[in-house]
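Take a look at the structure set out below.
Every value quoted in this text rests on a predicted model; they were computed, and no experiment measured them.
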Amino acid sequence: QVQLVESGGGSVQTGGSLRLSCAASGYSYSTYCMAWFRQTPDNEREPVAYITTNTVTRYADSVKGRFAISRDDAKRSLYLEMNSLKPEDTGIYYCATRSGSCAWVRQWYTYWGRGTQVTVSS
């Protein structure tokens with residue numbers, strides 16, 4: 001049974017930092033694409049970043065230069081280092097995975113965690 005469990009969310013002020021983690025189990029982690037999505041009350045769940053099995057990364061324009069995605073296959077874990085946080089980064093952050101190549105399309109991801117809340121106050 002595939003499980004993704006996010007942690008590390010919280011409340012910070014503008015300019016602060018957070019590090020999100022996602023612990024994966026129940027599948028061949030090293031062969032799967034891993035991604036972070038986020039959802040705000042006003043928006044659909046949108047992609048934030050993904051990382052391929054070869055550690056190629058892609059970021060949303062809004063987070064480039066501020067966020068860094070990484071994976072540790074030995075620990076079956078995914079991370080999102082978030083710096084220079086802004087109020088518009090507020091939302092629920094989800095870890096997601098799919099077999100094979102990565103995609104920038106929410107619907108293509110098979111498995112999802114339950115999310116972790118990030119709140120950035122001005």
Side-chain angles (χ1 to χ4, degrees):
Q1 180 180 357
V2 175
Q3 280 196 320
L4 300 172
V5 180
E6 302 94 337
S7 61
S11 296
V12 297
Q13 292 189 327
T14 297
S17 298
L18 285 172
R19 187 186 195 223
L20 305 184
S21 299
C22 173
S25 62
Y27 67 103
S28 300
Y29 177 83
S30 63
T31 66
Y32 277 54
C33 168
M34 298 297 299
W36 288 100
F37 286 74
R38 69 184 176 193
Q39 186 163 16
T40 64
D42 298 334
N43 295 314
E44 292 186 355
R45 197 172 296 187
E46 61 181 11
V48 174
Y50 69 53
I51 184 166
T52 71
T53 56
N54 294 323
T55 66
V56 173
T57 59
R58 177 178 176 178
Y59 296 92
D61 288 343
S62 59
V63 307
K64 281 181 182 176
R66 300 188 298 120
F67 290 13
I69 188 171
S70 61
R71 62 189 295 165
D72 185 332
D73 289 354
K75 295 182 178 179
R76 303 176 62 86
S77 293
L78 177 72
Y79 306 101
L80 186 68
E81 190 75 38
M82 304 187 296
N83 299 309
S84 302
L85 282 162
K86 305 175 181 180
E88 51 263 43
D89 295 319
T90 294
I92 301 173
Y93 283 69
Y94 297 90
C95 172
T97 187
R98 69 185 302 269
S99 177
S101 60
C102 285
W104 205 242
V105 179
R106 172 176 57 87
Q107 291 84 350
W108 288 18
Y109 284 81
T110 311
Y111 302 105
W112 295 83
R114 293 189 174 186
T116 184
Q117 177 71 45
V118 171
T119 303
V120 184
S121 58
S122 57

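Closest approach of Ala24 and Tyr29 over heavy atoms only: CB-CD1, 3.5 Å. Arg66 approaches Leu85 most closely through the heavy-atom pair NH1-CA, 3.8 Å. Taking both residues in full, the closest heavy atoms of Ser30 and Asp73 are given as CB-OD2, 3.6 Å, listed atom of the first, atom of the second, then distance.
The distance from atom CG of Leu18 to atom CZ of Phe67, rounded to the nearest 0.5 Å, is 9.0 Å. Distance check, rounded to the nearest 0.5 Å: CG of Asp89 to OG of Ser62 gives 7.0 Å. To the nearest 0.5 angstrom, Ile51 atom CD1 is 6.5 Å from Ser70 atom OG.
Under the 6.0 Å distance and 45° angle rule, Arg45 counts as a cation-pi partner of Trp112.
Within the 4.5 Å cutoff, the side chain of Thr97 has no heavy atoms near those of the Thr110 side chain. Residues Leu20 and Met82 form a side-chain contact, since some pair of their non-hydrogen atoms from C-beta on lies under 4.5 Å apart. Using a 4.5 Å heavy-atom cutoff, the side chains of Thr53 and Tyr32 are not in contact. Within the 4.5 Å cutoff, the side chain of Leu4 has heavy atoms near those of the Tyr27 side chain. You'll find the side chain of Met34 reaches within 4.5 Å of the side chain of Cys95, heavy atoms only. Put simply, the side chain of Ser77 does not reach to within 4.5 Å of the side chain of Ser21, judged on heavy atoms. Residues Thr90 and Val118 are not in side-chain contact: their nearest non-hydrogen atoms beyond the backbone lie 4.5 Å or more apart. Using a 4.5 Å heavy-atom threshold, the side chains of Thr52 and Ser101 count as separate.
None of Trp108, Tyr109, Tyr94, Tyr93 except one satisfies the ring-ring contact (aromatic ring centres under 6.0 Å, His included) rule with Phe37; the exception is Tyr109.
Under the 4.5 Å side-chain contact rule for hydrophobic residues, Tyr111 and Leu80 share a cluster.
Here Glu6 does not pair with Arg114 in a salt bridge; the nearest charged N to carboxylate O distance is not below 4.0 Å. Using a 4.0 Å cut-off between charged side-chain N and carboxylate O, Lys64 and Asp61 make a salt bridge.
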For a side chain to side chain contact (heavy atoms under 4.5 Å, CB included) check, start with the C-alpha distance between Gln39 and Glu44, then their side-chain angles and the critical distance, and finish with the verdict. CA-CA 6 Å; Gln39 186 163 16; Glu44 292 186 355; 5.7 Å; no

Please step through side chain to side chain contact (heavy atoms under 4.5 Å, CB included) for the pair Val63 and Lys86, ending with a clear verdict. CA-CA 10 Å; Val63 307; Lys86 305 175 181 180; over 6 Å; no

Begin with the C-alpha distance, continue with both residues' side-chain angles, and end with the deciding distance and a verdict on ring pair (Phe, Tyr, Trp, His ring centres under 6.0 Å) for Trp104 and Tyr50. CA-CA 8 Å; Trp104 205 242; Tyr50 69 53; 5.5 Å; yes

Can you list the steps and then say if Ser17 with Asn83 is a side-chain hydrogen bond (donor to acceptor under 3.5 Å, both in side chains)? CA-CA 4 Å; Ser17 298; Asn83 299 309; 2.9 Å; yes

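The environment of OH in Tyr59 is crowded: more than 12 heavy-atom neighbours from other residues, nucleotides or ligands sit within 6.0 Å. Within a 6.0 Å sphere centred on CD of Glu81, heavy atoms belonging to other residues, nucleotides or ligands number more than 12.
When atom types are taken as modelled, the side chain of Arg98 and the backbone of Cys33 share no donor-acceptor pair closer than 3.5 angstrom. At distances below 3.5 Å, not a single donor-acceptor pair connects side-chain atoms of Trp36 with backbone N or O atoms of Leu78. Side-chain atoms of Asp72 come within 3.5 Å of backbone atoms of Ala74 as a donor-acceptor pair (strictly under, hydrogens ignored).
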